[in-house]
Amino acid sequence: MSVKRIRLTVAYDGTNYCGWQLQNNGITIESELNRCLSDLFKEDIKVIGASRTDSGVHALGNIAVFDTQARMPAEKVSYALNQRLPEDIRIQASEEVAADWHPRHCDSRKTYEYRIYRGQFPMPVKRLYSYFTYYKLDVEKMRKAAAYLTGEHDFKSFCQTGAQVETTVRTIYALEVEEQGPDVVIRVCGNGFLYNMVRIIAGTLMEVGQGRRSPESMEEVLKACDRQKAGPTAPAHGLMLMKYEFPCE
């Protein structure tokens, strides 16, 4: 019986999960997908994910693939799987891809958003999906700072210490800071991101917005290649993986 590879576009609320990747100490998005797919197809199925989001991080369009001998048409898998998954995980699309297609071994563009809610007091309905601050933020200064980070750079200063990577050079295609009423949205599109990179960028840009560092200091932070020179890691719940794009397709 022939084996086929199926690609899933996965949306999830990460609040109740210990991130994407399998963990010994809790339930993850990956473990739920493996459990439900194995139950559906009566095979031992293990997905391969594109982005290993942290505990509390959300996604509208993370990507995973798995192999199966099942005859079910690929486009029907999303319907069958959604009947088994918990309500905070939903497959948005399922499709067959080449047998050697791998989500981390092909050119891609990833877009994340970090959302900040500004107010005198926290807003309960936003507490799981945005970071609350009562500080005033100078959005124009944040935009000026963001401009220093676009392009190809060594982002070692924006990588959590101890991350195991071959290189800390990445390319950011676009980094926007947008006001949406009381919310400030930091939107970043790049060819790949280091461990906690987007959250460290968000934390650093917030320091700029609060007047604690200048926009021009971004140049020095990049050149330093030192995690201690950048700002704090912003909390996970404000981060959303928006989409993956594959330019070659």
Side-chain angles (χ1 to χ4, degrees), residues 51 53-54 56-61 108-123 125-160 168-245 247:
S51 182
T53 53
D54 293 335
V57 175
H58 316 292
L60 297 184
S108 65
R109 289 175 175 249
K110 308 167 186 68
T111 301
Y112 281 90
E113 285 187 1
Y114 195 89
R115 188 169 292 269
I116 305 156
Y117 173 67
R118 302 169 294 177
Q120 186 175 0
F121 303 106
M123 181 61 68
V125 297
K126 291 178 177 282
R127 76 190 190 284
L128 302 179
Y129 311 106
S130 59
Y131 171 70
F132 167 73
T133 183
Y134 54 79
Y135 286 108
K136 293 189 181 300
L137 294 175
D138 188 324
V139 174
E140 192 52 45
K141 284 185 177 179
M142 293 172 71
R143 288 179 181 138
K144 289 179 181 177
Y148 285 94
L149 302 181
T150 57
E152 184 180 82
H153 302 285
D154 187 337
F155 283 97
K156 188 174 182 179
S157 293
F158 295 90
C159 178
Q160 195 64 43
T168 48
V169 174
R170 296 291 187 273
T171 300
I172 289 183
Y173 303 117
L175 178 50
E176 303 163 339
V177 183
E178 181 179 301
E179 288 189 274
Q180 296 179 1
D183 292 347
V184 174
V185 179
I186 298 168
R187 185 179 302 108
V188 54
C189 174
N191 68 346
F193 295 96
L194 302 164
Y195 184 43
N196 283 349
M197 179 173 160
V198 179
R199 290 166 58 191
I200 296 169
I201 288 174
T204 309
L205 291 181
M206 279 192 274
E207 285 196 335
V208 173
Q210 294 166 9
R212 297 173 62 186
R213 63 171 75 221
S214 69
E216 294 74 23
S217 68
M218 291 301 99
E219 198 167 17
E220 300 167 18
V221 173
L222 279 171
K223 287 180 180 178
C225 290
D226 180 357
R227 171 67 188 92
Q228 299 302 313
K229 299 297 183 182
T233 304
H237 61 271
L239 186 61
M240 181 88 71
L241 172 56
M242 302 302 289
K243 62 181 177 179
Y244 264 83
E245 298 169 283

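Heavy atoms only: backbone and side chains are in, while hydrogens, waters and symmetry mates are out. If you read the sequence from its start, that first residue is 1, and numbering goes on from there. Just so it is clear, the structure is predicted and the values come from calculations on it, not from any experiment.
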Gap between atom [atom2] of [Y] and atom [atom1] of [X] - 0.5 Å precision:
X: Phe155; Y: Met197; atom1: CZ; atom2: CE; answer: 4.0 Å
X: Met142; Y: Glu176; atom1: CE; atom2: CD; answer: 13.0 Å
X: Glu220; Y: Asp226; atom1: CD; atom2: CG; answer: 12.5 Å
X: Met206; Y: Leu137; atom1: CE; atom2: CG; answer: 7.5 Å
X: Thr233; Y: Asp54; atom1: OG1; atom2: CG; answer: 9.5 Å
X: Met123; Y: Tyr117; atom1: CE; atom2: OH; answer: 3.5 Å

Got more than 12 heavy atoms from elsewhere within 6.0 Å of NZ, Lys243?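 Incorrect, the count does not exceed 12.
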In this structure, are over 12 heavy atoms from other groups packed under 6.0 Å from Tyr135 atom OH?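 Not more than 12 within 6.0 Å, no.
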Would you check, one step at a time, whether the test side-chain hydrogen bond (donor to acceptor under 3.5 Å, both in side chains) holds for Arg115 with Gln180? CA-CA 10 Å; Arg115 188 169 292 269; Gln180 296 179 1; 3.1 Å; yes
When you measure from the side chain of [X] to the backbone of [Y], do you find a donor-acceptor pair of N or O atoms at a distance under 3.5 Å?
X: Arg118; Y: Thr133; answer: no
X: Arg212; Y: Thr204; answer: no
X: His58; Y: Leu128; answer: yes
X: His153; Y: Thr171; answer: no
X: Lys110; Y: Asn191; answer: yes
X: Ser157; Y: Val221; answer: yes
X: Arg227; Y: Gln160; answer: no
X: Tyr114; Y: Pro235; answer: yes

Heavy atoms only: give me the nearest [X]-[Y] pair and the separation to one decimal.
X: Pro215; Y: Lys141; value: CG-O, 3.6 Å
X: Ile200; Y: Phe158; value: CD1-O, 3.4 Å
X: Tyr244; Y: Gly61; value: CD1-O, 3.7 Å
X: Leu194; Y: Thr168; value: CD1-O, 3.7 Å
X: Ala59; Y: Met240; value: N-SD, 3.7 Å
X: Cys189; Y: Arg109; value: SG-CB, 4.1 Å

Kindly indicate whether the side chain of [X], heavy atoms from C-beta on, has any atom under 4.5 Å from the side chain of [Y].
X: Leu175; Y: Ile186; value: yes
X: Met218; Y: Arg213; value: yes
X: Val188; Y: Leu149; value: no
X: Ser217; Y: Lys229; value: no

Should Glu178 and Arg187 count as an ion pair when the cut-off is N to O under 4.0 Å?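 Between Arg187 and Glu178 there is a salt bridge, with a charged N closer than 4.0 Å to a carboxylate O.
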Does the plane of the ring in Phe132 sit parallel, tilted or perpendicular to the ring in Tyr134? Use 30° and 60° as the thresholds.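 The arrangement is tilted - the two ring planes meet at 30° to 60°.
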